[in-house]
Amino acid sequence: VQLQASGGGLVQAGGSLRLSCTASGSTLDVYHIGWLRQAPGKEREWVAAIKSDTSTYYPDSLKGRFAVSRDNAVNTVYLRMDSLTPEDTALYYCAAVSGEYYRGTGFSDPRLYDYWGQGTLVTVSS
């Protein structure tokens with residue numbers, strides 16, 4: 001499966017963005033999808049995940065501000081981000097792991113994922 005992340009851009013603090021992750025080469029419905037981000041000089045950080053059954057997961061620090069959803073009919077997963085702050089500035093990646101191989105170990109480890117999109121840049125100005 002190939003993943004294409006899009007929807008990044010420049011937004012003012014307090015604003016919102018919706019990122020999209022569109023798959024090609026395979027249907028998305030058998031994959032669990034994670035969103036991760038990487039700010040300059042920092043490690044890659046998990047921000048959300050959605051399983052093939054649409055159950056969603058977030059780190060405690062982002063619950064309430066980020067929301068992940070999926071539309072398998074158009075092979076796309078979305079990440080809605082609200083109340084953005086400059087600390088949310090990063091390159092945002094979507095990544096996939098097959099539900100068949102997922103062992104229930106959580107979604108935060110980047111090594112979990114077998115497929116990655118190219119990243120979309122989110123810049124939040126103060």
Side-chain angles (χ1 to χ4, degrees):
V1 62
Q2 292 83 46
L3 303 175
Q4 174 97 24
S6 62
L10 176 64
V11 62
Q12 287 192 327
S16 299
L17 273 179
R18 189 180 78 162
L19 307 183
S20 299
C21 176
T22 301
S24 60
S26 177
T27 57
L28 204 55
D29 55 358
V30 298
Y31 292 94
H32 305 329
I33 303 298
W35 284 95
L36 300 93
R37 67 184 180 186
Q38 190 162 22
K42 294 191 176 180
E43 305 235 331
R44 200 163 289 192
E45 174 192 22
W46 169 64
V47 300
I50 185 165
K51 292 179 72 176
S52 56
D53 65 4
T54 73
S55 52
T56 58
Y57 304 83
Y58 308 92
D60 289 342
S61 59
L62 294 176
K63 279 182 185 174
R65 286 205 303 125
F66 285 21
V68 60
S69 60
R70 67 193 300 158
D71 185 342
N72 290 336
V74 293
N75 249 14
T76 301
V77 169
Y78 304 98
L79 180 68
R80 168 81 180 188
M81 306 183 293
D82 294 321
S83 303
L84 287 164
T85 75
E87 288 67 42
D88 295 312
T89 294
L91 195 58
Y92 283 73
Y93 298 90
C94 58
V97 55
S98 169
E100 180 180 359
Y101 299 117
Y102 178 64
R103 292 293 177 260
T105 54
F107 293 100
S108 61
D109 190 341
R111 296 172 296 178
L112 170 72
Y113 301 95
D114 299 313
Y115 307 96
W116 289 82
Q118 84 290 0
T120 185
L121 181 63
V122 173
T123 304
V124 184
S125 64
S126 57

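For this chain, numbers begin at 1 and follow the sequence in order. Since the structure is predicted, the reported quantities are computational estimates derived from the model, not experimental observations.
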Side-chain heavy atoms under 4.5 angstrom apart, residues restricted to Ile, Leu, Val, Met, Phe, Trp, Tyr: same cluster for Leu28 and Leu36?
no
Chi angles and distances behind the salt bridge (charged side-chain N to carboxylate O under 4.0 Å, His left out) call for Arg70, Asp29
CA-CA 9 Å; Arg70 67 193 300 158; Asp29 55 358; over 6 Å; no
If you round to the nearest 0.5 Å, how far is CG of Asp71 from OG1 of Thr54?
11.5 Å
Are Leu112 and Val77 in one and the same hydrophobic cluster, where Ile, Leu, Val, Met, Phe, Trp and Tyr link if side-chain heavy atoms are under 4.5 Å apart?
no
Mind checking whether Trp46 and Leu121 sit in one hydrophobic cluster, side chains of I, L, V, M, F, W, Y counted as touching below 4.5 Å?
yes
Stacked cation flag Arg18 on Tyr78, 6.0 angstrom / 45 deg
yes
Mind checking whether Asp88 and Phe66 have side chains closer than 4.5 Å, heavy atoms only?
yes
Indicate yes or no: at least one non-hydrogen side-chain atom of Arg65 is less than 4.5 angstrom from one of Tyr58.
no
Residues Leu10 and Ser125: closest non-hydrogen pair is CD1-CB, 4.2 Å
Among the clusters formed by ILVMFWY side chains lying less than 4.5 Å apart, do Tyr57 and Leu62 turn up in the same one?
no
Are Ser16 and Met81 packed together at the side-chain level, in the sense that at least one heavy-atom pair is separated by less than 4.5 angstrom?
no
Testing Cys21, Ser6, Cys94, Ser20 for side-chain contact (heavy atoms from CB on, under 4.5 Å) with Thr76, which one passes?
Ser20
Less than 4.5 Å apart, any side-chain heavy atom of Glu45 and any of Gln38?
no
Mind listing the closest non-hydrogen atom pair of Ser126 and Pro86 along with its distance?
CB-CG, 3.9 Å
Mind checking whether Phe107 and His32 have parallel, tilted or perpendicular rings, split at 30° and 60°?
perpendicular
So, taking the atom named CG in Leu3 and the one named CD1 in Ile33, what distance separates them when rounded to the nearest 0.5 Å?
5.5 Å
Without swapping roles, check the side chain of Gln118 against the backbone of Ala5 for a donor-acceptor pair under 3.5 Å.
yes
Mind checking whether Tyr115 and Ile50 sit in one hydrophobic cluster, side chains of I, L, V, M, F, W, Y counted as touching below 4.5 Å?
yes
Contact check, side chains of Thr89 and Val122, non-hydrogen atoms, under 4.5 Å
no
Is the charged tip of Arg44 near the ring of Trp116: under 6.0 Å from the six-membered ring centre and within 45° of its axis?
yes
Would you say the ring centroid of Tyr113 lies under 6.0 angstrom from that of Tyr93?
no
Go through Leu84 and Leu17 one step at a time and tell me if the side chain to side chain contact (heavy atoms under 4.5 Å, CB included) criterion holds.
CA-CA 8 Å; Leu84 287 164; Leu17 273 179; 4.2 Å; yes
Under a 4.5 Å cut-off applied to non-hydrogen side-chain atoms, are Leu79 and Val47 in contact?
yes
Quick one: does any side-chain atom of Asn75 pair with a main-chain N or O of Ser26 as donor and acceptor, under 3.5 Å?
yes
Heavy-atom closest contact (Val30 atom, Ser52 atom, distance):
C-CB, 4.3 Å
